[in-house]
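Whatever order the structure lists them in is the order used to number ligands and atoms, beginning at 1. Values below: all heavy atoms of this structure, side chains included; hydrogens, waters and symmetry mates excluded. Along the sequence shown, the residues carry numbers beginning at 1.
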Amino acid sequence: MAISYKELGLVNSKELFRKAVAGGYAIPAYNFNNLEQMQAILQACVETKSPVILQVSSGARKYANATLLRNMAKGATEYVKELGYNIPIVLHLDHGDTFELCKECIDNGFSSVMIDGSHHSYEENIALTKKVVEYAHAHDVTVEGELGVLAGVEDDVVAEHSTYTKPSEVEDFVKRTGVDSLAISIGTSHGANKFTPAQCTKDANGVLIPPMLRFDILEEIEKRIPGFPIVLHGSSSVPPEHVETINKFGGALKDTIGIPEEWLRKAAKSAVCKINIDSDGRLAMTASIRKTFAEKPGEFDPRKYLGPARDLLKELYKHKNIHVLGSANQA
Ligand code: G3H
Ligand code: 13P
Ligand code: ZN
């Protein structure tokens with residue numbers, strides 16, 4: 001039997017995006033796969049009074065089990081009230097790749113889905129996205145489409161090279177599909193290995209600066225579809241302190257540079273109203289767990305290493321909401 005997100009106390013993204021575009025901030029879209037990640041996201045968003053999009057990839061669904069995830073999301077709406085502040089929560093499918101997967105999520109309590117047809121031809125992308133939109137809108141669920149390809153890893157799909165979104169296509173795509181928001185490609189990429197030091201230039205203080213995002217494309221898109229909600233994937237900043245901690249305590253991460261926070265802040269002030277962050281959370285948790293294992297080799301209670309990892313994750317998300325996305329105090 002199908003379960004509507006409304007029964008779980010969730011909301012779709014429509015009203016959140018309208019306010020975010022008008023207010024010049026972005027809603028955080030944080031991925032979760034387990035209890036600790038969900039706790040950290042919700043605690044951070046309650047403490048900063050931020051709306052939130054809880055994102056689940058198809059890999060996360062396989063890892064955590066769809067039934068458990070749905071019940072965790074139901075628990076989430078009760079948990080935030082218990083924490084003392086009722087923030088709006090969207091449960092979103094990240095990078096849905098088939099109509100069947102999107103339908104299954106809509107039938108199982110998701111309030112928003114992404115259909116990522118960006119690897120298909122333009123016309124195939126339109127046909128697939130339109131089909132999902134028709135089903136989703138019949139259930140009051142919002143849909144995110146994508147035009148342009150990001151480099152990096154999404155589940156089992158690895159795109160070696162990115163293709164920037166063509167502004168000339170966006171108006172037609174939005175009109176013909178009926179999507180509620182559009183993910184675009186302007187130079188961000190998935191994963192922790194976004195830019196190598198060799199791809200960067202140094203500023204006056206010796207800080208490595210990656211190639212500039214294509215804000216010109218974003219501006220052109222905004223001109224063509226004014227006020228339409230734009231989504232930025234691949235928006236982790238790859239905090240150097242977490243990479244250093246991981247490597248200090250036995251890790252082997254490559255030197256890597258993420259998306260500077262000022263650039264994300266600038267994007268959030270524009271039509272970008274949803275910013276996707278996953279890798280930074282993975283780095284923070286891994287850094288904390290490696291540190292605990294190195295400093296307390298006798299520890300074997302998962303709560304003793306997952307607990308501090310959860311706390312660090314919470315601080316990371318609070319920082320993002322307050323200083324990067326501008327979503328604090330918007331719930
Ligand atoms: O864009 C991809 C997200 O970071 C989700 O990653 O597919 O490994 O769960 P995942
Ligand atoms: P990052 O890998 O940069 O965190 O991007 C996550 C993302 O786009 C999820 O859809
Ligand atoms: Zn993504």
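- Residue His95 touches ligand 1 through its side chain alone, judged by heavy-atom distances below 4.0 Å.
- Ranking protein heavy atoms by distance to atom 9 (C) of ligand 2, first place goes to Asp94 OD2, 3.1 Å.
- At the Zn ion (ligand 3), the angle from NE2 in His190 to NE2 in His95 is 100° when rounded to 10°.
- The nearest protein atom to atom 2 (O) of ligand 2, hydrogens excluded, is given as Ser279 OG, 2.7 Å; this is a heavy-atom distance.
- For the residue pair Asn12/Thr142, the side-chain donor-acceptor check at 3.5 Å is not satisfied.
- Under 3.5 Å, the side chains of Tyr79 and Gln43 contain a donor-acceptor pair of N or O atoms.
- Within the 4.5 Å cutoff, no side-chain heavy atoms of Thr256 are placed close to those of Thr196.
- Listed by number with element, the atoms of ligand 2 under 4.0 angstrom from any heavy atom of Gly234 are 1 (P), 3 (O), 5 (O), 7 (C), 8 (O).
- Atoms of ligand 1 lying under 4.0 Å from at least one heavy atom of His190, given by number and element, are 1 (O).
- Relative ring orientation between Trp263 and Phe215 is described as perpendicular, the plane-to-plane angle rising above 60° on a 0-90° scale split at 30° and 60°.
- Between atom 2 (C) of ligand 1 and the options Asp94, Val56, Asn33, the minimum heavy-atom separation is to Asp94.
- Partner of Leu147 under the side chain to side chain contact (heavy atoms under 4.5 Å, CB included) criterion, out of Thr163, Leu182, Ile184: Leu182 alone.
- There is no side-chain donor-acceptor pair under 3.5 Å between Thr177 and Thr129.
- Proximity of the aromatic rings of His119 and His95 is defined here by a centroid distance below 6.0 angstrom, and this criterion is not met.
- Counting heavy-atom neighbours within 6.0 Å of Lys291 NZ, excluding the residue itself, gives a total of 12 or less.
- Checked against the Zn ion (ligand 3), the N, O or S atom of His233 at the shortest distance is ND1.
- When atom types are taken as modelled, the side chain of Asn125 and the backbone of Glu146 share a donor-acceptor pair closer than 3.5 angstrom.
- Counting heavy atoms under 4.0 Å from ligand 2, residue Ser235 touches it through the backbone alone.
- Listed by number with element, the atoms of ligand 2 under 4.0 Å from a non-hydrogen atom of His190 are 2 (O), 5 (O), 6 (C), 7 (C), 8 (O), 10 (O).
- For Tyr305 and Phe293, the ring centers are positioned less than 6.0 Å apart.
- Looking at Asn31 next to ligand 1, no N or O pair under 3.5 Å apart turns up.
- By the criterion of a heavy-atom distance under 4.0 Å, the side chain of Asn31, and not its backbone, is placed next to ligand 2.
- Of all the atoms in ligand 1, the ones that sit under 4.0 Å from a non-hydrogen atom of Asp278 are 3 (C), 4 (O), 5 (C), 6 (O).
- Between Gly191 and ligand 2, at least one pair of N/O atoms sits closer than 3.5 Å.
- Proximity to Ser57 (heavy-atom distance under 4.0 Å) selects the following atoms of ligand 1: 5 (C), 7 (O), 9 (O), 10 (P).
- Residue Met114 places every heavy atom at 4.0 Å or more from ligand 2.
- With a 4.0 Å cut-off on non-hydrogen atoms, Ile277 touches ligand 2 through its backbone and not its side chain.
- The shortest N/O to N/O separation between Asp278 and ligand 2 falls below 3.5 Å.
- Ligand 1 has Arg282 within reach: a non-hydrogen atom of the residue lies less than 4.0 Å from it.
- Under 3.5 Å, the side chains of His323 and Glu262 contain no donor-acceptor pair of N or O atoms.
- Residue pairs that meet the ring-ring contact (aromatic ring centres under 6.0 Å, His included) test with at least one member in residues 7-65, sequence neighbours left out, are Tyr30-Tyr317.
- Proximity annotation for atom 3 (O) of ligand 2: of Lys194, His95, His233, Glu144, Lys194 comes nearest, heavy atoms only.
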